[in-house]
Asker: 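Below you'll find the structure I mean.
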Amino acid sequence: MSAEAPVDEGELVLTERRGAVAVVTMNRPRYRNAQNARMTFALDAAFSAAAADDDVHVIVLAGAGDHFSAGHDIGTPGRDIHKDFARVATQYWPHEDKAGAEAMYVREAELYLGMCRRWRELPKPTIAMVQGACIAGGLMLAWVCDLIVAADDAFFADPVLRMGIPGVEYFAHPFVMSPRLAKEFLFTGERMSAERAERIGMINRVVPRARLVEETLAVADRIAAMPRFGVALAKKAINQAEDRMGMRDVMDATYALHHLAHAHNALTTEDHLAGQDAKSMAKGLK
Ligand code: ZN
């Protein structure tokens with residue numbers, strides 16, 4: 001582990017109110033909004049605040065700059081080595097000083113799977129507003145949202161199989177697309193265009209890049225005008241249906257496989273990511 005000094009990047013998550021809509025924006029555009037622990041906890045705080053705010057009816061999740069999210073931060077100066085985040089954990093003890101499989105298992109249970117599940121269960125409707133890259137960890141952020149509106153330049157990919165890992169921690173793949181397409185998506189790691197993502201039902205609509213904010217807010221405003229409790233019940237009904245279809249159980253089972261892969265990498269390669277970092281992963285992306 002490096003002993004680099006903490007990097008002050010300012011506010012990593014911004015919240016703006018647009019009428020009854022809270023727009024929560026990931027704000028690391030320089031790093032394509034790569035998700036470090038500090039941003040993750042800040043995102044959690046922003047979602048909690050929006051959920052608690054009586055005047056907010058709909059939450060939009062956005063990414064500043066040209067890209068929605070490059071995924072988990074595995075290579076910027078502000079990645080998790082600094083541990084300068086406000087830790088408000090709800091599931092596990094601190095992972096930072098733990099050894100072996102425990103560190104990764106506990107870390108990702110808290111930061112990725114646990115938080116994603118909590119965000120999916122927010123009582124208010126959420127809309128991901130996606131432009132540019134939505135890669136690996138970025139998929140989880142979009143998939144936890146109830147609706148996804150994408151710009152025509154958006155693309156989706158989960159290339160973590162190149163690390164020997166069977167998909168990102170929030171394993172919604174066979175539920176947001178067909179099992180056969182999920183295999184193609186994982187086995188090849190190739191980009192899926194917004195147009196194809198809409199065709200297969202993974203996202204709700206594709207709009208011109210220049211109209212992304214306007215179109216997303218129009219959808220948000222329409223939902224915000226509906227009875228709030230009714231929307232919350234409808235959301236719960238669909239989420240319950242997904243869970244009855246096995247999504248929660250599949251995610252638990254796959255989380256174990258995911259950590260078998262991390263542990264296998266740690267035992268057989270230089271680290272739990274099979275020696276890959278943001279640079280080497282980017283090289284493989286077409
Ligand atoms: Zn992982």
Side-chain angles (χ1 to χ4, degrees), residues 12-17 21-28 33-53 56-64 68-73 85-92 107-130 134-150 156 158 167-173 175-176 202-204 216 219-220 223-224 228 231-243 247-248 250-252 254-255 258:
L12 299 190
V13 174
L14 309 170
T15 301
E16 182 197 357
R17 279 286 300 284
V21 180
V23 181
V24 173
T25 302
M26 298 178 279
N27 190 35
R28 295 187 82 201
N33 299 314
Q35 190 191 343
N36 59 9
R38 201 175 143 228
M39 174 186 274
T40 307
F41 280 108
L43 213 44
D44 195 46
F47 281 143
S48 297
D53 187 335
V56 170
H57 286 233
V58 178
I59 302 165
V60 169
L61 175 61
F68 178 74
S69 173
H72 296 148
D73 187 345
F85 47 87
R87 187 176 195 285
V88 186
T90 58
Q91 299 197 55
Y92 273 104
R107 178 182 189 282
E108 298 195 335
E110 181 71 48
L111 272 168
Y112 299 152
L113 185 57
M115 275 199 213
C116 281
R117 279 177 163 168
R118 188 155 75 248
W119 299 340
R120 172 180 175 256
E121 292 297 325
L122 287 170
K124 296 176 183 176
T126 52
I127 305 175
M129 182 167 77
V130 179
C134 181
I135 300 172
L139 292 169
M140 316 199 311
L141 300 173
W143 285 347
V144 297
C145 291
D146 300 311
L147 272 63
I148 302 175
V149 178
F156 304 84
D158 189 354
V168 287
E169 294 80 7
Y170 183 84
F171 192 75
H173 307 61
F175 294 91
V176 298
M202 193 184 89
I203 65 176
N204 295 84
T216 305
V219 176
I223 298 171
R228 182 163 70 187
V231 173
L233 297 178
K235 170 168 180 165
K236 187 97 185 148
I238 303 290
N239 282 4
Q240 285 177 169
E242 281 184 308
D243 287 339
M247 189 162 98
R248 191 176 177 86
V250 164
M251 279 193 190
D252 284 334
T254 309
Y255 190 71
H258 183 99

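Values reported hereafter were calculated over all heavy atoms of this structure, with side chains retained and with hydrogens, waters and symmetry mates removed.
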Asker: Just by modelled atom types, is the Glu121 backbone N or O under 3.5 Å from a matching donor or acceptor in the Lys236 side chain?
Answerer: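 Between the backbone of Glu121 and the side chain of Lys236 there is no qualifying donor-acceptor contact (under 3.5 Å).
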
Asker: Would you please test Leu12 and Asn33 for side-chain contact (heavy atoms from CB on, under 4.5 Å) and show each step?
Answerer: CA-CA 9 Å; Leu12 299 190; Asn33 299 314; over 6 Å; no

Asker: Would you check if Val24 and Val60 make a side-chain contact, meaning some heavy-atom pair closer than 4.5 Å?
Answerer: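 When only atoms from C-beta onward are counted, Val60 and Val24 do not touch, as no gap falls below 4.5 Å.
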
Asker: Working to the nearest 0.5 angstrom, can you tell me the gap between Ile135 CD1 and Ser69 OG?
Answerer: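 Rounded to the nearest 0.5 Å, the CD1-OG separation comes out at 8.0 Å.
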
Asker: Step by step, work out the side-chain hydrogen bond (donor to acceptor under 3.5 Å, both in side chains) result for Asp146 and Thr126.
Answerer: CA-CA 5 Å; Asp146 300 311; Thr126 52; 3.2 Å; yes

Asker: Ignoring hydrogens, what is the shortest heavy-atom contact between Leu122 and Ala51? Give both atom names and the distance.
Answerer: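 Minimum heavy-atom contact is CD2-CB, 4.0 Å.
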
Asker: Take His258 and Phe171 through the test side-chain contact (heavy atoms from CB on, under 4.5 Å) and record every step on the way to the result.
Answerer: CA-CA 9 Å; His258 183 99; Phe171 192 75; over 6 Å; no

Asker: In the structure I gave you, are the side-chain heavy atoms of Asn36 and Arg28 within less than 4.5 Å of one another anywhere?
Answerer: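 Touching, per the 4.5 Å side-chain cut-off.
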
Asker: Can you tell me how far the SG atom of Cys145 sits from the CG atom of Asn204, to the nearest 0.5 Å?
Answerer: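 Answer rounded to 0.5 Å: 10.5 Å.
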
Asker: Could you tell me whether the side chain of Ile223 reaches within less than 4.5 Å of the side chain of Val231, counting heavy atoms only?
Answerer: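 Yes, their side chains come closer than 4.5 Å.
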
Asker: Is Glu110 reaching over with its side chain to a backbone N or O of Gln91, donor-acceptor style, under 3.5 angstrom?
Answerer: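 Yes: the side chain of Glu110 pairs with the backbone of Gln91.
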
Asker: Do the non-hydrogen side-chain atoms of His173 and Val168 ever get within less than 4.5 Å of each other?
Answerer: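 His173 vs Val168: side chains touch.
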
Asker: Salt bridge check: are Glu242 and Arg248 linked by an N-O gap of less than 4.0 Å?
Answerer: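 Between Arg248 and Glu242 there is no salt bridge, as every charged N stays at least 4.0 Å from the carboxylate O atoms.
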
Asker: Rounded to the nearest 0.5 Å, what separates atom CH2 in Trp119 from atom CG in Leu141?
Answerer: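 Spacing of CH2 (Trp119) from CG (Leu141) equals 6.0 Å.
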
Asker: Any side-chain heavy-atom pair from Val58 and Lys124 closer than 4.5 angstrom?
Answerer: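 In short, these two side chains do not touch, never coming nearer than 4.5 Å.
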
Asker: Take Glu16 and Thr25, measure what side-chain contact (heavy atoms from CB on, under 4.5 Å) needs, and give me the verdict at the end.
Answerer: CA-CA 8 Å; Glu16 182 197 357; Thr25 302; 5.9 Å; no

Asker: Give me the atom names and distance for the closest heavy-atom approach of Val13 to Ala42.
Answerer: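 That would be CG2-CB, 3.7 Å.
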
Asker: Could you check whether any side-chain heavy atom of Met202 comes within less than 4.5 Å of a side-chain heavy atom of Trp143, counting everything from C-beta outward?
Answerer: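 Side-chain contact under 4.5 Å: yes.
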
Asker: Leu61 and side-chain contact (heavy atoms from CB on, under 4.5 Å): which partner among Leu43, Ile127, Ile148?
Answerer: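 In the set Leu43, Ile127, Ile148, the residue that makes a side-chain contact (heavy atoms from CB on, under 4.5 Å) with Leu61 is Leu43.
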
Asker: Using a strict threshold of under 4.0 Å (side-chain N to carboxylate O), is an ion pair present between Arg38 and Asp73?
Answerer: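 Looking at Asp73 and Arg38, the cut-off is not met.
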
Asker: Atom CD1 of Ile238 and atom CG of Asp243: how far apart are they, to the nearest 0.5 Å?
Answerer: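 Going from CD1 on Ile238 over to CG on Asp243, the span is 11.5 Å.
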
Asker: Taking C-beta and beyond as the side chain, do Gln35 and Met26 meet within less than 4.5 Å on heavy atoms?
Answerer: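 No, their side chains stay 4.5 Å or more apart.
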
Asker: Parallel under 30°, tilted from 30 to 60°, perpendicular over 60°: which one fits the rings of Tyr112 and His72?
Answerer: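 Ring orientation, 0 to 90° scale: parallel.
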
Asker: Mind checking the CE-CZ spacing from Met247 to Phe175? Nearest 0.5 Å is all I need.
Answerer: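 If we round to the nearest 0.5 Å, Met247:CE and Phe175:CZ are 7.0 Å apart.
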
Asker: How long is the span from the CD atom in Glu108 to the OH atom in Tyr255, to the nearest 0.5 Å?
Answerer: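 Between atom CD of Glu108 and atom OH of Tyr255 there are 5.0 Å.
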
Asker: Can you see which heavy atom on Arg120 is nearest to which on Asn239, and at what distance?
Answerer: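 For Arg120 versus Asn239, the nearest heavy atoms are NH2-O, 2.9 Å.
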
Asker: Within the side chain of Asp44, is there an N or O that forms a donor-acceptor pair under 3.5 Å with the backbone of Met115?
Answerer: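 Checking the backbone N and O of Met115 against the side chain of Asp44, no donor-acceptor pair under 3.5 Å is found.
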
Asker: Look at Arg117 together with Asp252 and state whether they make a salt bridge at an N to O cut-off of under 4.0 Å.
Answerer: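 Yes.
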
Asker: Taking all non-hydrogen atoms of both residues into account, name the closest pair between Ala150 and Ile203 and its distance.
Answerer: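 Of all heavy-atom pairs spanning Ala150 and Ile203, the closest is CB-CD1, 3.7 Å.
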
Asker: Work out which heavy atom in Cys134 is nearest to a heavy atom in Phe68; give both atom names and the distance.
Answerer: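 Scanning both residues, the minimum pair turns out to be SG-CD2, 3.9 Å.
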
Asker: Is the shortest heavy-atom distance from the side chain of Ile59 to the side chain of Val21 under 4.5 Å?
Answerer: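 The answer is no; the side chains never approach within 4.5 Å.
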
